Amino acid sequence: MMKVLSVKYQEKHFRLIVNLVKNAREADEVSRQLCLVTNRFLDISVEHFGSIMADENVKLGVRKQKVVSEWAPMTHASRNLSELAHRLIRSQPMIQRQENRPLIWQDTM
């Protein structure tokens, strides 16, 4: 998707959320590797915005059709999601709204 947005809409900066990691070190390593590849082959920058730890409660929540942050708010994934939401609210938008960009990308970047 980053390649499409880069080529078609000239986006050059992205925020990355690494999902299903064991710990912060693994998230940093995944982010580092992706940054190396995207810088080299796509000429784009990727900011490691955060991560969500692997958590069995997420699977249980899907089975129960419950939002994990509501029924298990103290689990790793719930705390990660809360932290990411607060960080996103406090952050500046990366791009300005434009007519030629699909709406979903206007709202998520």
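Because the structure is a prediction, the values reported are computed rather than measured.
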**Student:** Determine which pairs satisfy salt bridge (Lys or Arg N to Asp or Glu O under 4.0 Å) with at least one residue from residues 52-78, sequence neighbours left out, and list them in order.
**Tutor:**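 Sorted pair list: E56-K59.
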**Student:** Check whether L20 and V67 end up in the same hydrophobic cluster, where Ile, Leu, Val, Met, Phe, Trp and Tyr are linked by side-chain heavy atoms less than 4.5 Å apart.
**Tutor:**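 Hydrophobic grouping puts L20 apart from V67.
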**Student:** G50 and H48: which non-hydrogen atoms are nearest, and at how many Å?
**Tutor:**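 What the structure gives for the nearest pair is O-NE2, 3.1 Å.
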**Student:** From H13 NE2 over to L5 CG, what is the distance, rounded to the nearest 0.5 angstrom?
**Tutor:**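 With rounding to 0.5 Å, NE2 (H13) is 13.5 Å from CG (L5).
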**Student:** Minimum heavy-atom separation for P73 and R79, please, with both atom names.
**Tutor:**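 In this case the closest contact between P73 and R79 is O-CG, 3.9 Å.
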**Student:** Provide the full list of salt bridge (Lys or Arg N to Asp or Glu O under 4.0 Å) pairs with a residue in residues 21-34, sequence neighbours left out, each pair given once.
**Tutor:**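 Listed once each, the pairs are E29-R32.
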**Student:** Roughly how far, to the nearest 0.5 Å, is the CG atom of L84 from the CZ atom of R15?
**Tutor:**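 R15 CZ to L84 CG: 11.5 Å, rounded to 0.5 Å.
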**Student:** Once side-chain contact (heavy atoms from CB on, under 4.5 Å) is applied, do any residues pair with S78, and if so which ones, sequence neighbours excluded?
**Tutor:**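 So S78 forms a side-chain contact (heavy atoms from CB on, under 4.5 Å) with V68, S69, T75.
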**Student:** Could you go through L88 and S91, starting from their C-alpha distance and side-chain angles, then the distance that decides it, and tell me whether this counts as side chain to side chain contact (heavy atoms under 4.5 Å, CB included)?
**Tutor:** CA-CA 5 Å; L88 188 59; S91 69; 4.0 Å; yes
**Student:** Is it the case that one hydrophobic cluster holds both F14 and M1, taking links as side-chain heavy atoms less than 4.5 Å apart, direct or via other members?
**Tutor:**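 Hydrophobic grouping puts F14 with M1.
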**Student:** Under the side-chain contact (heavy atoms from CB on, under 4.5 Å) rule, collect the residues that match up with S6, sequence neighbours excluded.
**Tutor:**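 Scan of S6 (side-chain contact (heavy atoms from CB on, under 4.5 Å), adjacent residues dropped) gives K12, I44.
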**Student:** Indicate the atoms forming the closest heavy-atom contact of A77 with M53, along with that distance.
**Tutor:**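 Taking every non-hydrogen atom into account, CB-O, 4.1 Å.
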**Student:** Check the hydrophobic clustering (I, L, V, M, F, W, Y; side-chain heavy atoms under 4.5 Å; chains of links allowed) and say if W71 and V58 are grouped together.
**Tutor:**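 W71 clusters together with V58.
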**Student:** Quick one: pull up NE2 in H76 and OG in S51 and give me the separation to the nearest 0.5 Å.
**Tutor:**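 Answer for the NE2-OG pair, H76 versus S51, is 11.5 Å.
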**Student:** Please identify each residue that fulfils side-chain contact (heavy atoms from CB on, under 4.5 Å) with S82, with sequence neighbours left out.
**Tutor:**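 With sequence neighbours excluded, S82 shows a side-chain contact (heavy atoms from CB on, under 4.5 Å) to H86, given in chain and number order.
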**Student:** With ILVMFWY side chains joined below 4.5 Å, transitively, what does V37's cluster contain besides itself?
**Tutor:**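 Joined to V37, directly or through intermediates: F41.
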**Student:** For V7, is there any backbone N or O sitting under 3.5 Å from a side-chain donor or acceptor partner on Q10?
**Tutor:**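 At least one qualifying donor-acceptor pair exists.
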**Student:** Report yes or no: do L42 and Y9 belong to one cluster of Ile/Leu/Val/Met/Phe/Trp/Tyr joined by side chain heavy-atom distances under 4.5 Å?
**Tutor:**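 Yes; Y9 is reachable from L42 via cluster members.
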